[in-house]
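Report on one structure; see the data block that follows.
These numbers come from the heavy atoms of this one structure, side chains and all, not from hydrogens, waters or symmetry mates.
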Amino acid sequence: MAEPLVAPLRRPNRSGFMAPFLVLEMVAAIGSAMGADSLEEVLKEAQLYRLPDADEPVREDKVARLHQAMRRKWPDEAVAMSTRAGAEAGQRIMETQITTKAQGMLAKMPRATGAWLLAKTARQNAWTFSGSGEFVVESENRFILRENPILVGETSEVMVCDFHASLFERLFSTLIHPRLVCRETQCHARGDEACVFEFTMSEA
């Protein structure tokens, strides 16, 4: 079997950990958009005094502190930064968790079949983006994330999981069809029972 594009992530031996890219790509997005001084401030607020290595699982509470601190500090810029970071995190997860051979096979399959198999792969590697949360594949077009650990203690009048929506969109638009778009339609932070993500096809 072909190897992933880069060294695979170290899989944690207990729950409550997520992929390092959920921190590293958010840090990169904040630094690019807001500058080094602002990045240093938000890292202190999130109590992140050391960044993880690229193959090092991260405790989900650390991920939550960073994402929530970013949303509190820059509510007007949060969507753009989360979208950028989510897309890059999706790219990194694709490179580390899905072999090049598997990527090639998905590209040749009928869209519905490929989407279902990719969704199954996402479920098998759900710890990377859902930690201790429950990730459910309701169909190839609809995902449910219950008890999203990034949202612990957070409430909002609007849906806030732009990071996850962008992560899923990067995976599926790259490997299944470039016109696939993912949107969050329900959000636990807004008071919904769970975070729900749905795929649609954009206009050509």
Roughly how far, to the nearest 0.5 Å, is the [atom2] atom of [Y] from the [atom1] atom of [X]?
{"X": "Leu118", "Y": "Ile176", "atom1": "CG", "atom2": "CD1", "result": "5.0 Å"}
{"X": "Leu22", "Y": "His164", "atom1": "CG", "atom2": "NE2", "result": "6.0 Å"}
{"X": "Met105", "Y": "Thr113", "atom1": "CE", "atom2": "OG1", "result": "11.5 Å"}
{"X": "Thr174", "Y": "Leu106", "atom1": "OG1", "atom2": "CG", "result": "11.5 Å"}

Work out which heavy atom in Ala69 is nearest to a heavy atom in Ala46; give both atom names and the distance.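 So the minimum-distance heavy-atom pair works out to CB-CB, 4.4 Å.
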I need the minimum non-hydrogen distance between Lys62 and Leu48, along with the two atoms involved.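 Nearest heavy atoms, Lys62 then Leu48: CB-CD2, 3.6 Å.
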Ignoring hydrogens and angles, state whether a donor on the side chain of Glu60 or Ser132 is under 3.5 Å from an acceptor on the partner side chain.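 Side-chain D/A pair, Glu60 to Ser132: present.
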Inter- and intrachain pairs under salt bridge (charged side-chain N to carboxylate O under 4.0 Å, His left out), touching [range], at least two apart:
{"range": "residues 193-202", "result": "Arg142-Glu198"}
{"range": "residues 150-166", "result": "Arg71-Glu154"}
{"range": "residues 33-43", "result": "Glu40-Lys44, Glu41-Lys73"}

Can you check whether Ser15 reaches Trp127 side chain to side chain, under 4.5 Å on heavy atoms?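 Result no, sub-4.5 Å side-chain heavy-atom pair not found.
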Is any NZ, NE, NH1 or NH2 atom of the basic residue among Glu45 and Arg72 found under 4.0 Å from an Asp or Glu carboxylate oxygen of the other?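 So Glu45 pairs with Arg72 through a salt bridge.
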Tell me which one of Gln103, Met109, Arg170 satisfies side-chain contact (heavy atoms from CB on, under 4.5 Å) with Leu175.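 When side-chain contact (heavy atoms from CB on, under 4.5 Å) is applied between Leu175 and each of Gln103, Met109, Arg170, only Gln103 qualifies.
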Within the supplied structure, the quantity of interest is the number of heavy atoms (other residues, nucleotides, ligands) at a distance under 6.0 Å from Met201 CE; does it exceed 12?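 Buried by this count: over 12 neighbours within 6.0 Å.
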Residues in salt bridge (charged side-chain N to carboxylate O under 4.0 Å, His left out) with Arg183, at least two apart?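 Counting only residues at least two positions away or on another chain, Arg183 forms a salt bridge (charged side-chain N to carboxylate O under 4.0 Å, His left out) with Glu169.
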With sequence neighbours left out, which residue pairs that include part of residues 19-36 fulfil the side-chain hydrogen bond (donor to acceptor under 3.5 Å, both in side chains) condition?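 Output for this query lists Glu25-Arg92, Ser32-Arg84.
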Which residues pass the ring-ring contact (aromatic ring centres under 6.0 Å, His included) test with His67, sequence neighbours left out?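 ring-ring contact (aromatic ring centres under 6.0 Å, His included) check on His67 returns Phe163.
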Ring centroid separation Phe172 to Phe197 under 6.0 Å: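 Ring centres of Phe197 and Phe172 not closer than 6.0 Å.
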Is the ring centre of Phe129 less than 6.0 Å from the ring centre of Phe168?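 Ring centres of Phe168 and Phe129 closer than 6.0 Å.
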